[in-house]
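The structure appears below as structure tokens.
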Amino acid sequence: MKVTTRKAFHEELEDLKKTVENMTQIVLEVVRASVRSLINQDTELALKTIEKGEEVDLLEFNIENKCMELLALYQPVAVDLRTIVTIVKIIVDLDRLADFSADVCQVTLFTHHLQKVREIDKIGIMYGKVDTIVRLALKAFIENDPELAKTLGDLDDEVDKLFVKVIEEGIETMKNDPSSIYFTANLILVSKYLERMADHACNIAGRTIYMVTGKRKKIH
Amino acid sequence: MVMEELPVQGQKAELKGFSAVLKEKRNLKNVELMAEESVREEKKLTLQAPKIEVRDLNAWFGDNHVLQNINLDFKARTVTAIIGPSGCGKSTFLRCLNRMNDIYPDFRMAGEVILDGENIYDDGSDVVSVRKRIGMVFQKPNPFPKTIRENILFGPLIHGIRNKDKLDEILEKSLKAAALWDEVNDRLDDYAFDLSGGQQQRLCIARALAIEPEVILMDEPCSALDPTATAKIEDLIYELSKKYTVIIVTHNMQQAARVSRWTAFLLTGEIIEYNATETLFETPERKETEDYITGRFG
């Protein structure tokens with residue numbers, strides 16, 4: 001074994017982790033901005049956020065390439081192998097988080113001119129929880145913290161419950177006030193996007209546990 | 001506009017029912033999978049009865065305690081790799097398995113190496129017959145300064161085989177088993193040193209096979225070879241493992257990962273971890289193993 005090449009490998013792996021960390025920051029920013037644009041009916045922010053989300057695509061592509069390169073050149077094993085495979089998996093989740101944010105922004109663009117409906121408050125509450133899950137999942141990954149990752153299942157249950165509530169109440173609202181149907185139906189879509197965002201964050205948490213401990217655990 | 005009344009509550013109850021069913025199915029499936037897996041694992045373990053059992057093995061060169069309390073089972077008809085940093089005792093351990101260390105005057109050993117139920121270090125044990133049953137291939141190809149034919153038939157002749165047809169049969173069979181026959185069958189009486197390095201190493205393997213051993217020990221068999229010759233030897237190791245118990249010492253961890261079913265990690269004369277190769281390289285149990293195989297020390 002050549003010590004010199006291995007040093008280079010671990011330096012490259014550190015650089016790669018930093019790039020992934022950078023990607024997580026952008027994703028978190030995009031997720032937050034998308035919901036803010038919806039609640040504030042801010043089309044300018046929505047457009048900016050959609051554009052920002054495209055950076056995530058590029059990062060996903062670059063990171064995947066780097067992972068392939070490290071696998072091909074160094075044939076890593078054990079924790080190094082698990083880290084790279086985890087990165088390959090979670091960049092897909094990160095990309096989906098950004099995609100759902102773009103979908104939320106689309107809803108902002110469709111509905112910014114309409115009178116707000118009361119479900120938007122529920123979306124706000126739901127978002128509060130999704131934000132926590134996403135933030136903690138990314139923190140667990142970056143700080144190699146499987147214990148933190150394990151705690152996210154309960155929060156995800158709360159999000160699922162809120163999702164059902166938004167649908168139920170939304171249906172009521174639409175029944176009572178047909179003029180609200182367009183906005184409310186779109187908000188029901190948003191609640192689905194948020195629910196999926198939480199699931200992707202949980203995937204990241206589960207992968208983090210595998211990366212650090214080598215044990216597979218599904219968080220949901 | 002009048003909205004049709006939606007039976008939301010009813011739907012919800014129904015959905016809950018479905019999700020309970022789904023959950024149950026999912027759990028069942030997991031349990032089944034786990035059960036299947038553990039049966040498979042158990043089968044593998046029981047099918048692979050140990051060919052060699054090492055019990056409380058300790059070894060010294062003078063005052064230097066080079067191997068410490070080694071307990072290990074080598075499974076029959078499979079490849080086991082021994083990895084570890086230079087000087088950790090890999091080669092010494094390998095040489096204990098066919099009493100090759102007996103030739104060193106300052107070598108001492110305690111413990112047992114049990115081949116098919118018999119301790120090869122028992123007083124009544126015959127070293128020659130042990131080495132016939134446990135063949136060895138070394139780091140550098142070391143053919144005898146003779147022809148290809150003489151190299152292969154050296155062992156069988158010593159063991160008293162004189163029948164020409166039988167010797168021809170052994171010659172062909174051994175060279176074929178070592179994947180060398182096609183390359184040398186028209187020049188069996190050429191000098192062995194005329195072969196390439198990779199061919200010489202396969203000749204040495206064929207020479208080991210000619211006396212029909214049960215176990216083949218390989219001490220860094222590819223370290224003097226180029227990648228093409230290495231690939232050939234690795235393919236050969238895989239083929240050999242169908243019939244023989246192969247134990248290979250290697251510096252090259254990727255090689256251990258490629259060729260072996262079981263891997264033992266040796267560090268300063270102690271077995272740190274012995275595990276299925278894929279487990280050892282994906283989720284090693286010991287921190288020392290992880291540090292070594294990921295290159296964080298060593």
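Quick note: numbers below take in every heavy atom, side chains included, and nothing from hydrogens, waters or symmetry partners. Below, read A as the first sequence line, B as the second, and so on, with proteins coming before strands; counting in each chain starts at 1.
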For the student: nearest non-hydrogen atoms of Ala78(A) and Glu290(B), plus distance
CB-OE1, 3.5 Å

Taking Gln254(B) for the side chain and Gln75(A) for the main chain, is one N or O donor matched with an acceptor at less than 3.5 Å?
yes

Nearest heavy-atom pair of Val77(A) and Ile293(B): which atoms, and what distance?
CG2-O, 3.2 Å

Point-to-point distance, once rounded to the nearest 0.5 Å, from OG1 of Thr294(B) to CZ of Phe9(A):
8.5 Å

Does anything in residues 203-218 of chain A get under 4.5 Å of chain B by heavy atoms, and if so which residues?
Tyr210(A), Gly214(A), Arg216(A)

Look at atom NZ of Lys165(A) and say whether more than 12 heavy atoms of other residues, nucleotides or ligands are closer to it than 6.0 Å.
no

Should we say atom OH of Tyr182(A) is surrounded by more than 12 heavy atoms from elsewhere, each under 6.0 Å from it?
yes

Lys116(A) NZ: over 12 foreign heavy atoms closer than 6.0 Å:
yes

So, do Val79(A) and Arg296(B) sit near enough that their side-chain heavy atoms are less than 4.5 Å apart?
yes

By ring pair (Phe, Tyr, Trp, His ring centres under 6.0 Å), Tyr244(B) pairs with (sequence neighbours left out) none

